[in-house]
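Letters A, B, ... are given to chains in the order of the sequence lines, protein chains preceding strands, and every chain is numbered from 1.
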Amino acid sequence: MIAFLIKRLMHAFVVMFVISVISFAIQSNLGDPIQQMVGQSVPESQRAELREELGLNDSFLVQYGRFAANALQGDFGYSYFFNEPTTEVIQRHLPATLELVIAATLIIVVFSVPIGVYCAIRPRSALSRFFMSVSIIGISIPVFLTAIMLIQLFAIGVDFSPFPVETGWGQWLNGVLSTEGGMPSYGRGNNLTHLFGTWDSNFFSLDGLTYLVLPAVSLASIMLPLFIRLIRAEMLEVLQSEYVKFATAKGISLKRIYFVHALKNTMLPVITVGGVQLGTMVAYTILTETVFQWPGMGLMFLEAIQRSDIPLIVTYLMIVGLIFVVTNTLVDLIYGLVNPTVKLTGKPA
Amino acid sequence: MTTTTAITPSRWKRFRNSYLVYSFKRDWIAQFCLAIFLCILLGAVCAPWLAPMNPYDLTQINILNSELPPIWVDGADALFPLGTDAQGRDLLSTILYGARVSLIIGFGAVMLQALIGVTVGLMAGYRGGRIDAFLMRLADIQLSFSTLMVAIIVGALIKAVFGGAVYSDYAVWLLVLIIGLAEWPQYARTVRASVLAERSKEYVDAARVMGYRDRRIMFRHILPNTLSPIFVISTVQIANAIISEAALSFLGLGMPETQPSLGSLIKSGFDYLQSGSWWITLIPGAVLVVLVLVVNLLGDWLRDVMNPRLYKG
């Protein structure tokens, strides 16, 4: 176990090292810090002096060493645009993204487990087929398009007057969907509850929660079908296994077999995949936050690209890289701990 | 040799009698999906002849025609069946041309992924040892970062290095490159897994005993036997590449508005959503969803049919 732990940690360090080298290469090759500091009017001789003073003439390795040492102390330089340390800019934007991810994860967990289990227990029922078809449609809709459709339906409202109002469903559609000025679809709103530090939360007031609904649903929409399909597939496999048959033969109630015996072994691979999918979620926050102008890290990253704010881009890359590496390592370690059949140090089969 | 060729039926006949075609004939969803896919493909390929207007030709665009609704909404102009966008371009023509761009990028990116991924997978699976460990570790790391994230970062960096103008000039090639580079690990892993299964079979030993070089064994002997998983993931990858392209374009890291793909059309319409011009966004969006959905459904069907565990002979 110790050997496995050390191996995984070494692996994580190597990956982090590679990320930092790439980030540093970006930082040192893009943009001229002297230009940013002094502008056009300073003569070349002074520029050269400043260059020497700041150590920009040192070799790549020396400069990288300085960069890495600063980075380890949490100093990633100043953002060109905000004119404050990049770590502070990120700290300000991090809570919004985290809340979005947490809300989306809640939606995914609450819906995917029961639906996935149901589709596995009754694979041929009409409802399962309906869920499976909806899920493949869900996979095929890009997340930003889901977001746009939600905005059109619930924020802008749809005029359903061409539809027959006399029929029940026409009336229902008109009532539900064409509400004027419906759900908020822009930013986080003003009713935030201050928790601590830079963390203002949307979770603690009804008004704050309404701002969270559409972005969170959009973000969840891409993962939910994946997880439903995954849970269904895993559960179907588990239900075929010997121990489930044995439990049935012993006369244990079906409910207990499904939800205690089978579900436990279903969730194991699901949790691993879930950990890995967290990375994909970070990528999708960029899209979701752009559509809803949600002031999180994804939107900040995209704006930094448009403003060529290199230090901020680099800091974002390093921090997102760190999040990925930490989650992947944790998932591997947990999997190694929980699943006794996994080969710890040997080569993968 | 001549006697055997006389007995074996022609390639076309073998294809027609294959299990693939047999199950296709019995599956109406697959037929329906293929029909829609071919329609979109035909529309995209023949866009210059089918489209009523050329969205790239500025002389045909009149700004006075901007934001006209589609024909079934009041205030529409019969000249523009699906309405016009904010620059006065006919939406139907722009969608046809846009689907063309999206499909070119989708297919191009998948071809690049397959080229890199198959080569890496063959090398890793056949050679094994240190090369295998290194290449697969690389693939694992890249996959753990999620392909979309890699594509966004690479796109952002290229844009930052070369500037927006150069980026839009070469956008098609850059997108093929970015999406191709971001997704090769999928192919590499799939190919490697099948190569590992094939490598220990007798025909490979036979070829080796006959003194063939490694490259010939890899590409002429092993590769043809790993084709079915490659086909299966190719369909899914085309759908993914089209979605990735749309996502990158939506973020402003893709096709410029002067040469719109489906994604950049959606993006350009999004700014006008609040003013009530929903068609600029939602009609191209619907085309995109239908395109991706039919490709995904075809991929599902192909996986069910070609699954080596189920497929006999």
Side-chain angles (χ1 to χ4, degrees), chain A residues 11 14-15 18-19 22 26 29-31 133 136-137 139-149 151-152 155-156 158-159 162 185-186 222 275-284 286-287 290-291 298 301-302 304-306 308-310 313 316-317 320-321 324-325 327-328 331 347-349, chain B residues 72-74 132-133 136-138 140-141 143-153 155-157 159-161 163-164 196 236 239 242-244 246-248 250-253 262-263 266-267 269-270 273-276 278 281-282 284-286 288-297 299-300:
Chain A
H11 181 189
V14 170
V15 176
V18 172
I19 294 173
I22 294 174
I26 296 164
N29 290 320
L30 290 185
S133 347
I136 191 150
I137 295 174
I139 287 178
S140 303
I141 304 181
V143 64
F144 59 93
L145 209 55
T146 318
I148 291 174
M149 284 194 282
I151 291 180
Q152 178 71 44
I156 299 175
V158 182
D159 181 17
S185 65
Y186 188 90
I222 196 78
V276 174
Q277 290 293 337
L278 190 83
T280 319
M281 197 97 127
V282 174
Y284 286 116
I286 301 180
L287 286 162
T290 309
V291 177
F301 176 62
L302 208 66
I305 290 169
Q306 277 150 13
S308 301
D309 195 341
I310 308 287
I313 297 177
Y316 178 83
L317 292 188
V320 167
F324 277 65
V325 170
T327 37
N328 279 321
V331 164
K347 279 186 180 156
Chain B
W72 59 88
V73 179
D74 288 342
D132 180 32
M136 283 305 114
R137 189 44 58 83
L138 202 68
D140 280 348
I141 291 173
L143 270 186
S144 72
F145 278 83
S146 110
T147 51
L148 184 62
M149 193 74 207
V150 174
I152 290 175
I153 290 171
L157 293 179
K159 194 166 188 175
V161 175
L196 283 181
V236 181
I242 293 173
I243 289 191
S244 298
L248 286 172
F250 185 78
L251 292 176
L253 296 170
L262 292 175
I266 295 169
K267 173 192 164 60
F270 179 57
L273 198 63
Q274 297 285 350
S275 65
W278 50 268
T281 298
L282 293 185
L288 181 72
V289 171
V290 169
L291 179 61
V292 173
L293 181 64
V294 293
V295 175
N296 270 337
L297 285 171
D300 264 15

side-chain contact (heavy atoms from CB on, under 4.5 Å) against Leu138(B), all qualifying residues, sequence neighbours excluded: Trp184(B)
Which portion of Leu302(A) sits near chain B, non-hydrogen atoms under 4.5 angstrom: side chain
Straight-line distance of Ile137(A) CD1 to Leu297(B) CG, nearest 0.5 Å: 8.0 Å
Atom of Ala156(B), atom of Ile305(A) and distance for their closest heavy-atom approach: CB-CD1, 3.0 Å
Sub-4.5 Å side-chain heavy-atom contact between Leu287(A) and Leu148(B): yes
Interchain contact, Ile141(A) with chain B, by part (heavy-atom threshold 4.5 Å): both
Closest-packed option against chain B by number of heavy-atom pairs under 4.5 Å, given His11(A), Gln306(A), Met149(A): His11(A)
Contacting moiety of Ile22(A), where chain B heavy atoms sit under 4.5 Å: neither
Contact leader toward chain A among Ile153(B), Val294(B), Ile242(B), where contacts are heavy-atom pairs under 4.5 Å: Ile153(B)
Minimum side-chain heavy-atom gap Val291(A)-Phe250(B) below 4.5 Å: yes
Side chain, backbone, both or neither of Ala239(B) within contact of chain A (heavy atoms, under 4.5 Å): neither
Ile151(A) side, atom CD1; Thr281(B) side, atom OG1 - distance, nearest 0.5 Å: 10.0 Å
Separation of Leu251(B) CG from Thr290(A) OG1 (nearest 0.5 Å): 5.0 Å
By side-chain contact (heavy atoms from CB on, under 4.5 Å) - contacts of Leu248(B) (at least two apart): Ala151(B), Ile152(B), Leu175(B), Ile178(B), Ile179(B), Leu253(B)
Spacing of Ser140(A) atom OG and Ile243(B) atom CD1 [to the nearest 0.5 Å]: 6.5 Å
Separation of Ile148(A) CD1 from Ile266(B) CD1 (nearest 0.5 Å): 6.5 Å
Spacing of Ile139(A) atom CD1 and Leu293(B) atom CG [to the nearest 0.5 Å]: 10.0 Å
